[in-house]
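Notes follow the structure.
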Amino acid sequence: MENMELPPRPKLFDLHGVSMIHRFTDNWENIQNFQARPDDILITTYPKAGTTWVCYILDLLYFGQTASEHQNSLPIYERVPFLESDFHILPPGTELADKLSTSPRLITTHLPVQLVPKSFWEQNCRIVYVARNAKDNAVSYFHFDRMNQAHPEPGDWNNYLQRFMDGKMVFGSCYDHVTGWWERKHSGVLSESVFYEDMVEDTRRELDRLCSFLGLSPSAEEKERVRGRAQFDTMKKNSRANYSTVPIMDFKISPFMRKGKVGDWKNHFTVAQSEQFDEDYKKKMKNTTVQFRTVV
Ligand code: PPS
């Protein structure tokens, strides 16, 4: 893997008003025609909002006790397929989802609400939306883009932050993503929102909320086991959960499981950047009721 020749960094292009890269659109027809099943559970997030954490928790809740050794040895991105992925080292996400042997299927996507395949709405699937405060989200995305050869070159932090505010990121604007999903939540869709900050503050409470939404009733012992296995330090060491098996990610630059904290933005934003960001944030988020915490 060390000597694998890596492809050049891709460029962003516009897909129906959303910045994208070809890796996530090469399989577009199959993505848009994907056939959801009524019991599918879709975990939707803007990148770096806590996708892996919630996918891992749901996988443990559903299959932690019953999965075979073979299933247990699969990395999280094969157990919970990333719908629009087409990384060439693996079958595309649509195919992985079609081939899943576990039921219900847990599927994840970063697509903004308007681009999600229509069968998920037709089948009235349950949706878990994971969201994170934009400042920490931007920092996490910056380090991810530094180490992930499949994404465009991030450049320096100052320019990157401006690009983040302008929505020129893979999967577009974080603000549009969050508000789009938040509005849909209030239109009768079966969905639950999970905030990264709430998960960090009180994972037990959030696990209970998730179980109640999904109609799961694990024993107190089982819940503690899931919570323990899904702790940051434990997941960081677990090659099934920490993405160390993905060759396009250079952990020497930054690990996938980087810090796992709320408030790391304070180590990156200057006072001026923070003020400018807050000013811009107020304008972009003025028409939504969704509230985030940047400290816990
Ligand atoms: S991706 O690439 O979009 O799927 O990334 P995603 O999984 O959404 O986000 C990665 C960030 O989530 C942090 N993470 C966790 N934090 C706390 N506890 C646990 N268990 C956990 N698992 C993942 C991960 O460290 C990334 O955040 P940063 O701030 O970069 O550390």
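Remember, it's 1-based here, ligands and their atoms both numbered in the order they're listed.
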Q: Just let me know how Ala49 lines up against ligand 1, side chain, backbone, both or neither, with a heavy-atom cut-off below 4.0 Å.
A: backbone

Q: Indicate yes or no: does an N/O atom of Ala230 lie under 3.5 Å from an N/O atom of ligand 1?
A: yes

Q. With hydrophobic residues grouped by side-chain heavy-atom distances under 4.5 Å, do Ile41 and Leu100 end up in a single group?
A. no

(Q) Using a 3.5 Å cut-off on N or O atoms only, is Tyr243 in polar contact with ligand 1? (A) no

Q: Would you check whether Thr51 has a nitrogen or oxygen atom less than 3.5 angstrom from a nitrogen or oxygen atom of ligand 1?
A: yes

Q) With distance as the sole test, does Asp136 use its side chain to make a donor-acceptor pair with the main-chain N or O of Gly263 at under 3.5 Å? A) yes

Q) Does Tyr196, backbone or side chain, put an N or O under 3.5 Å from an N or O of ligand 1? A) yes

Q: Could you tell me whether Arg132 approaches ligand 1 through its side chain, its backbone, both or neither, with non-hydrogen atoms closer than 4.0 Å?
A: side chain

**Q.** ligand 1 to Met235 polar contact by distance, N or O atoms, under 3.5 Å
**A.** no

Q. Under 4.5 Å between any side-chain heavy atoms of Val170 and Pro47, yes or no?
A. no

Q. Should Trp53 be counted as touching ligand 1, given the test is an N or O pair under 3.5 Å?
A. yes

Q: Examine Gly260 against ligand 1 and note whether any of their N/O atoms are separated by less than 3.5 Å.
A: yes

Q. Regarding Trp28 and Glu84, is there a side-chain donor-to-acceptor distance under 3.5 Å anywhere?
A. no

Q) Can you tell me if NZ on Lys168 sees more than 12 non-hydrogen neighbours from other groups inside 6.0 Å? A) no

Q) For ligand 1, is any non-hydrogen atom under 4.0 Å from Met199's backbone (N, CA, C, O), its side chain (CB onward), both, or neither? A) neither

Q. How far apart are the C-alpha atoms of Phe142 and Phe164, what are their side-chain angles, what is the distance that settles it, and do they pass the ring-ring contact (aromatic ring centres under 6.0 Å, His included) test?
A. CA-CA 9 Å; Phe142 173 63; Phe164 184 91; over 10 Å; no

Q) Heavy atoms, side chains only, cut-off 4.5 Å: are Leu58 and Val80 in contact? A) no

Q. For atom 23 (C) of ligand 1, what is the nearest protein heavy atom, given as residue, atom name and distance?
A. Met257 SD, 3.4 Å

